[in-house]
Participant: 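Next up is a structure, given as structure tokens.
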Amino acid sequence: KSVAKDANDSLTKELSAVQQKLEEAQTLNQDHEKVIRRMKEAMASSESALSEQLSVLKGELESAAKRERDQDEAAATEKSVAKDANDSLTKELSAVQQKLEEA
């Protein structure tokens with residue numbers, strides 16, 4: 001009977017130790033799950049922030065491209081106006097020279 005009791009006590013201690021280790025493992029697992037959840041949240045937040053920054057940068061690039069197109073158009077218009085004025089002045093000068101030669 002004493003041997004059976006000793007064996008039972010020994011098994012009870014081992015079972016208690018195993019249960020304690022299982023509880024510790026479950027606690028660790030829960031901690032890991034919390035960390036993983038927080039990391040996923042942080043990544044999603046970072047992804048959202050990056051997406052927002054990319055959107056802002058894309059808008060700025062589009063604005064810069066539009067300004068550049070507008071400047072190019074303005075420069076082309078100025079060039080065209082200057083060419084027209086030059087052609088007109090050249091004709092007038094030619095007419096004046098012709099009248100001078102006639103006179």
Side-chain angles (χ1 to χ4, degrees):
K1 186 175 178 183
S2 176
V3 171
K5 184 179 181 324
D6 289 347
N8 186 41
D9 288 350
S10 177
L11 285 174
T12 302
K13 279 183 187 175
E14 282 184 43
L15 180 59
S16 179
V18 167
Q19 284 176 326
Q20 187 176 350
K21 289 195 181 205
L22 180 59
E23 286 170 9
E24 289 171 5
Q26 286 173 335
T27 301
L28 271 176
N29 191 31
Q30 288 171 351
D31 289 346
H32 287 157
E33 286 175 2
K34 284 181 192 172
V35 169
I36 290 169
R37 194 169 32 254
R38 285 191 191 124
M39 286 175 67
K40 283 182 179 177
E41 289 169 3
M43 286 171 59
S45 174
S46 294
E47 196 173 303
S48 172
L50 283 174
S51 177
E52 191 175 316
Q53 287 176 337
L54 279 174
S55 179
V56 168
L57 286 173
K58 185 178 176 188
E60 289 176 3
L61 277 174
E62 287 172 353
S63 293
K66 184 182 181 326
R67 281 193 304 275
E68 189 175 348
R69 280 193 306 274
D70 291 348
Q71 287 175 346
D72 288 348
E73 286 176 18
T77 301
E78 287 177 23
K79 185 177 178 183
S80 175
V81 167
K83 185 181 182 321
D84 290 348
N86 186 47
D87 291 349
S88 178
L89 287 172
T90 301
K91 281 183 186 173
E92 286 183 39
L93 180 59
S94 182
V96 167
Q97 282 178 332
Q98 192 173 356
K99 286 190 178 177
L100 280 174
E101 287 172 4
E102 289 172 2

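The structure presented is a predicted model; accordingly, all values stated were derived computationally and were not measured.
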Participant: Donor-acceptor check, side chain of Ser80 to backbone of Ala76, threshold 3.5 angstrom: yes or no?
Facilitator: no

Participant: Does Thr90 offer a backbone N or O that forms a donor-acceptor pair with the side chain of Ser94 under 3.5 Å?
Facilitator: no

Participant: For the atom pair OG (Ser63) and CD (Glu68), what is the distance rounded to the nearest 0.5 Å?
Facilitator: 12.5 Å

Participant: By the rule that ILVMFWY residues connect when side-chain heavy atoms come within less than 4.5 angstrom, directly or transitively, which residues belong alongside Leu100?
Facilitator: Val96

Participant: Is it true that Asp9 and Lys13 make a salt bridge, defined as a side-chain N closer than 4.0 Å to a carboxylate O?
Facilitator: no

Participant: Side-chain donor-acceptor pairs under 3.5 Å in residues 31-51, sequence neighbours left out?
Facilitator:
unit_1 : atom_1 : unit_2 : atom_2 : d
Ser46  : OG     : Ala42  : O      : 3.0

Participant: Apply the test side chain to side chain contact (heavy atoms under 4.5 Å, CB included) to residues Gln20 and Glu24: give CA-CA distance (whole Å), side-chain angles for both, the deciding distance (0.1 Å), then the verdict.
Facilitator: CA-CA 6 Å; Gln20 187 176 350; Glu24 289 171 5; 3.6 Å; yes

Participant: So how far is it from Asn8 CG to Lys5 NZ, rounded to the nearest 0.5 Å?
Facilitator: 7.5 Å

Participant: What's the separation between atom CD in Gln71 and atom NZ in Lys66, rounded to the nearest 0.5 Å?
Facilitator: 11.0 Å

